[in-house]
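To start, the structure under review is shown below, and the notes come after it.
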Amino acid sequence: MKVLVAGWRDLSTVDMIGEPCFVIWLCGCNFRCPWCQNWHIVECFDCRWLDPQTVAERAAENLGLVEYVHVTGGEPTLQDKGLLELCKALKEKGLKVSVDTNGSRPEVLERILPYLNHMAIDIKAPLSEPDKYARAIGLPLEIVESYEIPAKVEKSLQVGLCNLEKVEIRLPVVPKVHEPSDVLRAAHEVEEVVGRTRFWNKAVVVLQQYVPSETVPSPFLREQPMTDAGLLQALAYKILDETEFTQIYIRAVDSVIKIKRNSFRKESL
Ligand code: SF4
C-alpha cells in the first residue's frame, strides 16, 4: 500500500502550536475551498506514490530535532489505508503523530486513533448553517446536506477530544467568505462541543489568517487583502469575552501569537 505524497519539510515551527514538527503533505481533497492555499496539492500536481515505510524512515532521520510528524494535505483521510500504514510506521519509529483534517471522515480518524497523538481540524463555517459551510468549502449545498458534512466535522472534533492528547481547532477568517459573526458563531459551537466532552484542557483554538497568493483557486479571492491583523485580534478578544476559552491563538503566515483572557486589548469589533 503506497501513499500519494506532495512533499515534506524537515522542520516547521508553525504547523503545530507549541511543537516543532516534521510535516508531510498528502495529495487530494474532497473539499474545494475557493480560498485554499494548497490547491496544487488538492489537484495532485507534482505528487508521487511512495512506500509509507520509506516516508517514515525519512521522517525518523529528524528524531532528536522533532518529536512530532504532522500529516497534512490536501485531506489525508482520503488515503485511508495508506494513512493507516504511514501512521503505524511513524509510531514504530518512535515518532508522535498528528493529522490535519477537514473533519469529513470521522470513521477514518477512529481507525487510526491507536497511532495518533494529536489532531488539527478546520471548522470552516458555522456547523449549524449548511449553506455557509457549502459556500466556504466550495461544494453544492445538496452534497453538503446529503453527506451530512457539518455533522461529520462535529463528530471528528468529538472523536479527537475524547481520545487524543491535544486538538487544534482552526477557525479560518477569509475576507469576503467569513463575516466576523460567522467566526463567532463557529467559536460558540466549538465551545458547546468541547463543553459536552469536558476536555477543556485539550482544546487549542486558533484563528487562521488568510494570505492571498497566486495559487488560490478563486481569482476574486486572489485579489483580496490578507485578513486584517486588528480584526483577528478583536475576534480573539470577543471569543474570550463570550466563551469559556481562556486563550486563543492567531496563526499568521509565519508566526503564531497567543492572546489570553484579561491581557491588554487594542481593538474592538
Ligand atoms: S479542505 Fe483544506 S486542502 Fe481541501 S480544499 Fe479546503 S483548504 Fe484546501
Side-chain angles (χ1 to χ4, degrees), residues 3-9 12 14-17 23-47 70-80 82-83 86 98-109 118-127 129-141 143-144 147-157 159-160 167-178 182-183 186 190 206-222 224 226-227 251-253:
V3 273
L4 191 58
V5 178
W8 52 69
R9 180 179 295 157
S12 165
V14 292
D15 281 79
M16 289 176 71
I17 301 282
V23 186
I24 302 169
W25 283 269
L26 297 191
C27 300
C29 189
N30 50 349
F31 288 4
R32 288 292 178 272
C33 309
W35 41 275
C36 179
Q37 313 209 290
N38 282 332
W39 195 246
H40 57 295
I41 296 173
V42 171
E43 293 285 359
C44 301
F45 296 145
D46 291 332
C47 293
H70 184 62
V71 185
T72 181
E75 175 50 35
T77 63
L78 289 192
Q79 300 189 51
D80 49 350
L83 178 63
L86 177 62
S98 164
V99 162
D100 180 6
T101 179
N102 61 26
S104 60
R105 306 196 74 198
E107 69 284 4
V108 178
L109 290 173
H118 176 280
M119 180 177 101
I121 182 168
D122 278 13
I123 309 295
K124 294 182 187 285
L127 294 167
E129 298 185 66
D131 53 328
K132 286 191 177 164
Y133 223 92
R135 197 169 142 239
I137 65 174
L139 293 180
L141 178 59
I143 290 187
V144 169
Y147 283 93
E148 300 179 331
I149 288 175
K152 286 186 173 156
V153 175
E154 183 175 330
K155 167 94 192 266
S156 295
L157 174 57
V159 166
V167 179
E168 202 179 298
I169 304 162
R170 299 172 174 179
L171 303 172
V173 187
V174 183
K176 309 290 183 198
V177 175
H178 302 102
D182 297 331
V183 182
V190 165
V206 186
L207 294 172
Q208 299 262 127
Q209 185 179 39
Y210 168 76
V211 181
S213 74
E214 299 215 331
T215 59
V216 166
S218 157
F220 173 69
L221 295 177
R222 237 178 270 157
Q224 299 305 312
M226 70 167 71
T227 318
R251 179 181 276 113
V253 63

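In what follows, every heavy atom counts, from backbone to side chain, and hydrogens, waters and symmetry copies are set aside. Whatever order the structure lists ligands and atoms in, that order sets their numbers, starting from 1.
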- request: Give a yes/no on whether the SG-to-SG distance for Cys44 versus Cys27 is below 2.5 Å.
  value: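 Cystine link not detected, SG atoms outside the 2.5 Å cut.
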
message: So for atom CD, which belongs to Glu148, do other residues, nucleotides or ligands contribute more than 12 heavy atoms lying within a distance under 6.0 Å?
response: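 12 or below, so no.
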
field: Whether over 12 other heavy atoms sit under 6.0 Å from Arg222 CZ
entry: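 More than 12 within 6.0 Å, yes.
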
- request: Could you please give the number of protein N/O/S atoms within less than 2.8 Å of atom 6 (Fe) of ligand 1?
  value: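 That number is 1, waters not included.
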
message: Against Thr72, only a single residue in Thr101, Asp100, Asp15 fulfils side chain to side chain donor-acceptor pair (under 3.5 Å); can you say which?
response: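 Output: one option passes, namely Asp100.
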
task: Measure the shortest side-chain to side-chain distance between Ile24 and Val3 over non-hydrogen atoms and say whether it is less than 4.5 angstrom.
output: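 They are not in side-chain contact.
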
task: Evaluate the side-chain proximity of Leu127 to Tyr133: yes if any heavy-atom separation is below 4.5 Å, no if none is.
output: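 Contact flag for Tyr133/Leu127 side chains = yes.
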
